[in-house]
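Reading through the structure tokens given below for one structure.
As the structure is a prediction and not an experimental result, all values here were calculated from the model. Any value given below was found using the heavy atoms of this structure, including those in side chains, with hydrogens, waters and symmetry copies removed.
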Amino acid sequence: MSAEPDSSARPGPSAGPGSGRHVLILGGTTEARRLAEALAADPACRVTTSLAGRVTAPVLPPGATRIGGFGGPAGLAGWLLAHDVTHVVDATHPFAERMSFNAAEAAALSGIPLLALRRPGWTPGPGDSWTFADSLAGAAELLPALGRRAFLTTGRMGLHAFAHLTGTWFLVRSVDPPDGQVPPQLEAVLARGPFTLEDERELLARHRIDVLVTKDSGGSATAPKLTAAREAGIPVLVVRRPPVPEGVAETGSVEAVRDWLRPPG
Ligand code: NAP
């Protein structure tokens with residue numbers, strides 16, 4: 001990832017310097033976009049959303065945006081200070097393992113307050129048949145015993161973990177096409193959530209899927225696949241979330257972030 005900080009910065013209507021708060025949202029999720037939308041109407045608040053640049057045509061939120069890595073925690077801390085950021089919200093995906101730790105370290109280095117906006121994980125209900133794995137590699141070990149036609153929704157970045165599974169047929173759904181090392185028997189479907197229950201039912205039936213593989217991403221946008229799997233009696237292989245940095249305040253709601261941003265008094 002390039003450390004060019006502002007090569008594709010897009011100034012937004014609320015991005016000019018002002019006397020109020022400047023909030024940096026570390027984004028790439030539905031929650032980050034919802035937060036940017038919620039803050040866009042607040043004239044006392046400038047918002048910049050930062051995206052990693054993994055998706056070729058991202059849906060850009062209101063406010064300013066910048067795309068690309070910061071060059072590690074020190075780079076991020078420098079960016080925060082250089083751009084008069086007053087608050088940082090880590091709204092990255094629960095499986096963005098490194099960025100949350102970078103944000104915690106940058107907040108400590110710069111003294112700028114940080115709050116994590118993280119959607120709760122999913123939990124199995126009656127009728128669900130879920131098996132848990134600690135990593136994509138762990139999921140690849142367990143998969144052959146669970147099914148032969150897998151719907152793999154763990155993202156195109158981790159496909160290499162399944163590349164050695166020659167006996168499994170994969171339906172892979174991702175925003176951009178898979179590349180790099182991929183399993184030999186693979187069909188790709190390019191799509192961006194949210195997905196409906198009807199669509200998910202149809203997809204599972206059409207491709208005769210007998211096992212679903214997912215990260216514990218949480219949220220409602222991609223949850224219908226879990227309901228469709230339960231209805232069809234299909235087992236689900238769930239990759240557990242990676243650890244998060246200790247001591248960082250966390251919330252699951254955009255409204256709570258707005259409360260946190262409100263000046264005291
Ligand atoms: P990661 O492993 O945590 O981050 C790797 C590096 O990418 C970071 O060290 C940082 O580079 C850069 N980066 C990550 N998020 C960034 C952001 N919001 N703005 C600027 N730079 C960022 O993350 P990842 O798993 O590759 O995910 C990349 C992005 O995709 C995240 O923003 C995440 O919200 C989104 N996403 C991830 C997943 C997933 O399953 N992992 C799913 C959906 C969306 P520097 O160290 O150079 O700053």
Within one Ile-Leu-Val-Met-Phe-Trp-Tyr cluster: Leu39 and Val254, side-chain cutoff 4.5 Å: yes
Once ring-ring contact (aromatic ring centres under 6.0 Å, His included) is applied, what residue pairs with a partner in residues 212-241 remain, sequence neighbours excluded? none
Any side-chain heavy atom of Trp79 sitting closer than 4.5 Å to one from Leu24? yes
So, does Trp122 use its side chain to make a donor-acceptor pair with the main chain of Gly219 at under 3.5 Å? yes
Grab the two heavy atoms, one from Ala133 and one from Gly138, that are nearest each other, plus how far apart they are. CB-C, 3.8 Å
So, the side chain of Arg119 versus the backbone of Gly218: is there a donor-acceptor pair under 3.5 Å, distance only? yes
Quick one: list whatever passes side-chain contact (heavy atoms from CB on, under 4.5 Å) with Pro184, sequence neighbours left out. Thr166
Can you check salt bridge (charged side-chain N to carboxylate O under 4.0 Å, His left out) on Asp42 and Arg258, steps first, answer last? CA-CA 10 Å; Asp42 183 349; Arg258 294 184 75 180; 5.7 Å; no
Report whether Leu204 and Phe195 are members of the same hydrophobic cluster (ILVMFWY, side-chain heavy atoms less than 4.5 Å apart, transitive linking). no
Hey, are Arg46 and Asp84 close enough for a salt bridge, meaning a charged N less than 4.0 Å from a carboxylate O? no
Taking C-beta and beyond as the side chain, do Trp130 and Leu212 meet within less than 4.5 Å on heavy atoms? no
Salt-bridge contact Asp216-Arg240 (side-chain N to carboxylate O under 4.0 Å): no
Is the shortest side-chain heavy-atom distance between Glu200 and Thr227 below 4.5 Å? no
If you round to the nearest 0.5 Å, how far is CG of Asn102 from CG of Leu76? 7.0 Å
May I ask you to decide if Leu114's main-chain N or O and Asp90's side chain share a donor-acceptor pair within less than 3.5 Å? no
Do Ile209 and Leu237 land in one hydrophobic cluster if side-chain heavy atoms of ILVMFWY residues count as linked below 4.5 Å? no
Side chains of Val257 and Leu115, heavy atoms from C-beta outward: is any pair under 4.5 Å? yes
Residue pair Leu51, Leu60: steps toward the side chain to side chain contact (heavy atoms under 4.5 Å, CB included) verdict: CA-CA 9 Å; Leu51 300 171; Leu60 295 179; 3.7 Å; yes
Considering all heavy atoms of both residues, which atom of Ala103 and which atom of Leu26 are nearest to each other, and what is their separation? CB-CD1, 3.7 Å
Are more than 12 heavy atoms from other residues, nucleotides or ligands located less than 6.0 Å from atom CD of Glu255? yes
Flag side-chain contact, heavy atom, 4.5 Å: Thr168 against Phe162: no
Between His83 (side chain) and Val85 (backbone), is there a donor-acceptor pair under 3.5 Å? no
How does the hydrophobic cluster around Phe101 look, that is, which other residues are in it when side-chain heavy atoms under 4.5 Å mark a link? none
In this structure, would Met157 and Leu165 fall into the same cluster of hydrophobic residues linked by side-chain contacts under 4.5 Å? no
Could you check if a side-chain atom of Leu81 sits within less than 4.5 angstrom of a side-chain atom of Ser110, using non-hydrogen atoms only? yes
Is it the case that atom CD in Glu231 sees more than 12 heavy atoms from other parts of the structure closer than 6.0 Å? yes
Gln185 and Gly167: which non-hydrogen atoms are nearest, and at how many Å? NE2-C, 3.9 Å
Which heavy-atom pair separates Pro61 from Thr49 by the least distance, and what is that distance? CG-OG1, 3.6 Å
Restricting to pairs with a member in residues 221-265, which pass ring-ring contact (aromatic ring centres under 6.0 Å, His included), not counting sequence neighbours? His87-Trp260
Are any non-hydrogen side-chain atoms of Thr92 and Ser100 less than 4.5 angstrom apart? yes
Output a table of donor-acceptor pairs, distance under 3.5 Å, between side-chain atoms of residues 147-156 and any protein atom two or more places apart or on a different chain; print 'none' if there are none.
residue	atom	partner	partner atom	Å
Arg149	NE	His207	O	2.9
Arg149	NE	Arg208	O	3.4
Arg149	NH2	His207	O	3.0
Thr153	OG1	Val213	O	2.8
Thr153	OG1	Lys225	NZ	3.0
Arg156	NH2	Arg54	O	3.0

Check: Thr86 side chain, His22 main-chain N or O, donor-acceptor pair, under 3.5 Å: yes
Heavy-atom closest pair, residues Thr251 and Ser253: OG1-N, 3.2 Å
Measuring from Gln181:CD to His164:NE2, what's the distance to the nearest 0.5 Å? 10.5 Å
Given the rule that I, L, V, M, F, W and Y join up when any side-chain heavy atoms are under 4.5 Å apart, are Val211 and Leu171 in one cluster? no
Shortest non-hydrogen contact from Ala74 toward Leu109: CA-CD1, 4.1 Å
Any non-hydrogen side-chain atom of Ser174 less than 4.5 Å from a side-chain atom of Leu190? yes
Please identify each residue that fulfils side-chain contact (heavy atoms from CB on, under 4.5 Å) with Ala32, with sequence neighbours left out. Ile25, Thr29, Ala91
Interatomic spacing from CZ in Arg241 to CZ in Phe95 - rounded to 0.5 Å: 6.5 Å
Looking at Glu141, I want to see if its CD is surrounded by more than 12 non-hydrogen atoms of other residues, nucleotides or ligands under 6.0 Å. no
